[in-house]
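Here's the structure we're looking at; comments come further down.
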There are 2 protein chains.
Amino acid sequence: MDLGLTPVQTVACCSPLSREPLSQDVAEQVSLVLKALGDPVRLRLMSLVASHEGGEACVCDLNDAFDLSQPTISHHLKVLHEVGLLEREKRGVWVYYRARTEALANLASLIGGTAK
Amino acid sequence: MDLGLTPVQTVACCSPLSREPLSQDVAEQVSLVLKALGDPVRLRLMSLVASHEGGEACVCDLNDAFDLSQPTISHHLKVLHEVGLLEREKRGVWVYYRARTEALANLASLIGGTAK
DNA sequence: TTAGCGTATCGACAAGCGTGAATATTTATC
DNA sequence: GATAAATATTCACGCTTGTCGATACGCTAA
């Protein structure tokens, strides 16, 4: 079933939790996305980026929002990126992360949705 | 901020991720719920219960759906219960778990919502 | 080229987590 | 009572994960 898609892309193609039992394969993919969000720091990072103007934020801004080392923040951003929740773009020395709002929307409808 | 509420109850009272940055306190509570769902087995358990007729299922049925020991399933159900995603009711020797669909809906609107 | 800055990677460590075997608890039946 | 069945708890064991310090990489400006 895996075609090199990121976990978030898998989320887009299935009925909500309450509609029918999740297959093991799908559950494994979706759980990766939820696990990525299941950390206070990453959840705040995601929220900071998503609520920032333009839906994107520079790493330099994000570092200052936490009492954590720069490598730690970088690590969390990588986790969110690998799972497909954040896009990464480098501009000069700075790196900007953008939230994939459709991914969040898909995840939301999988969790709480009733349709499809 | 904690008043003895379960983590899912905390989810109900805040704006979506993309609306404004999550506070650290809220992020900590919400991440507990997401962490609970961030496991393939628990995600399937949640889906099995939620999609079952009447929105509830007996543990006896759930055990058979996995290649895992009974204590392990019991453990996962406990995690989902403690976080407030599942309600527990004992009828005779059997235990039934029911999905809190409003909790799922609240979580969904926090993740993917734009309103409020 | 060198220096400096922003970001990522590596290595290591403690803490947390999923799992099963053994055991306990609760309820129904004999 | 005793026995059996359904579910929960305890304990122990690897594996994963969050964190930081040290270091490397990439870009820009002197």
Side-chain angles (χ1 to χ4, degrees), chain A residues 7 22 24 27-49 52 56-98, chain B residues 7 22 24 27-49 52 56-98:
Chain A
L22 249 51
Q24 184 168 343
E28 239 141 70
Q29 294 292 309
V30 176
S31 71
L32 292 178
V33 183
L34 290 167
K35 196 174 298 183
L37 284 178
D39 176 274
V41 176
R42 288 197 289 267
L43 201 52
R44 286 182 62 204
L45 278 173
M46 197 68 203
S47 179
L48 280 169
V49 174
H52 205 264
E56 71 174 15
C58 174
V59 176
C60 50
D61 300 327
L62 300 173
N63 277 324
D64 300 342
F66 297 86
D67 260 353
L68 294 170
S69 69
Q70 175 267 319
T72 297
I73 300 298
S74 185
H75 161 68
H76 285 305
L77 289 170
K78 184 181 182 182
V79 172
L80 290 170
H81 174 62
E82 283 177 341
V83 102
L85 286 171
L86 287 181
E87 282 174 354
R88 211 183 95 99
E89 188 182 346
K90 193 165 187 177
R91 300 186 203 146
V93 197
W94 293 276
V95 173
Y96 289 79
Y97 281 93
R98 181 166 30 254
Chain B
L22 249 52
Q24 185 168 343
E28 238 140 70
Q29 294 292 310
V30 176
S31 72
L32 292 178
V33 183
L34 289 167
K35 196 172 298 185
L37 284 178
D39 176 274
V41 175
R42 288 196 290 267
L43 200 52
R44 288 182 63 202
L45 277 172
M46 198 65 202
S47 179
L48 280 169
V49 173
H52 204 265
E56 71 174 18
C58 174
V59 176
C60 52
D61 300 326
L62 299 173
N63 277 323
D64 300 341
F66 298 85
D67 259 353
L68 295 171
S69 71
Q70 175 268 321
T72 296
I73 300 297
S74 183
H75 162 68
H76 286 304
L77 288 170
K78 185 183 184 182
V79 171
L80 290 169
H81 175 61
E82 282 176 339
V83 102
L85 286 171
L86 287 182
E87 281 174 354
R88 213 182 94 99
E89 190 183 344
K90 193 164 187 178
R91 301 189 203 142
V93 198
W94 293 278
V95 173
Y96 290 78
Y97 282 93
R98 181 164 35 252

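Within every chain, numbering begins at 1; the chains are lettered A, B, ... in the order of the sequence lines, protein sequences first and strands thereafter. Here the structure is a predicted model, which is why all the values come from computation and not from measurement.
- Distances shown here put every side-chain N or O of B:Arg91 at or beyond 4.0 Å from the OP1 or OP2 atom of C:dT27.
- Residue A:His75 places none of its side-chain N or O atoms closer than 4.0 Å to OP1 or OP2 of C:dT9.
- One can place CG of B:Leu37 at 15 Å from P of C:dC17, the figure rounded to the nearest angstrom.
- B:Arg98 and B:Arg91 make their closest contact through NH1-NH2, 4.4 Å (heavy atoms, listed as atom of the first residue, atom of the second, distance).
- Side-chain atoms of B:Gln70 stay outside donor-acceptor range of the base of D:dA6, with no qualifying N/O pair under 3.5 Å.
- Contact annotation for A:His76: backbone-only contact, meaning every heavy-atom pair under 4.0 Å involves sugar-phosphate atoms and none involves a base.
- One interatomic measurement links the two molecules: CG of B:Leu80 to C1' of D:dT7, which rounds to 16 Å at whole-angstrom precision.
- Straight-line distance from the NE2 atom of B:His81 to the C1' atom of D:dA8: 12 Å, rounded to whole Å.
- Among the atoms of the strands shown, base atoms are found under 4.0 Å from some heavy atom of A:Val93.
- Distances shorter than 4.0 Å separate some side-chain N or O of B:Lys78 from OP1 or OP2 on D:dT9.
- Rounded to whole Å, atom P of D:dA6 lies 16 Å from atom CD1 of B:Ile73.
- Taking the nucleotide of DNA chain D with the nearest heavy atom to each of B:Val59 and A:Val79, the more 5' of the two is matched to B:Val59.
- Residues A:Lys35 and A:Arg42 approach most closely at O-NH2, 3.4 Å, considering heavy atoms.
- Residue A:Asp39 contributes atom CG, which lies 9 Å from atom C1' of D:dT17 at whole-angstrom precision.
- Contact annotation: A:Thr72 does not reach the phosphate of D:dT19 (side-chain N/O to OP1 or OP2, under 4.0 Å).
- Around the CG atom of A:Asp64, the shell of radius 6.0 Å holds more than 12 heavy atoms that belong to other residues, nucleotides or ligands.
- Using a 4.5 Å heavy-atom cutoff, the side chains of B:Val79 and B:His75 are in contact.
- In this structure, the nucleotide among C:dC17, D:dG21, C:dT26 sitting nearest to the side chain of A:Pro71 is D:dG21.
- Residue B:Leu77 contributes atom CG, which lies 16 Å from atom P of D:dA6 at whole-angstrom precision.
- Not one side-chain nitrogen or oxygen of A:Arg88 sits closer than 4.0 Å to the OP1 or OP2 atom of C:dT7.
- Backbone-only contact: B:Tyr97 has heavy atoms under 4.0 Å from sugar-phosphate atoms and none from a base.
- Among the heavy atoms of the strands lying under 4.0 Å from A:Leu68 are primed sugar atoms or P, OP1, OP2 only; no base atom is included.
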**Q.** Intermediate values then yes/no, side-chain contact (heavy atoms from CB on, under 4.5 Å), A:Leu37 and A:Leu80
**A.** CA-CA 8 Å; A:Leu37 284 178; A:Leu80 290 170; 4.3 Å; yes
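- No engagement by A:Tyr96 is indicated, since no non-hydrogen atom pair under 4.0 Å with the nucleic acid exists.
- With rounding to whole Å, A:Leu62 atom CG is found 12 Å from C:dT7 atom C1'.
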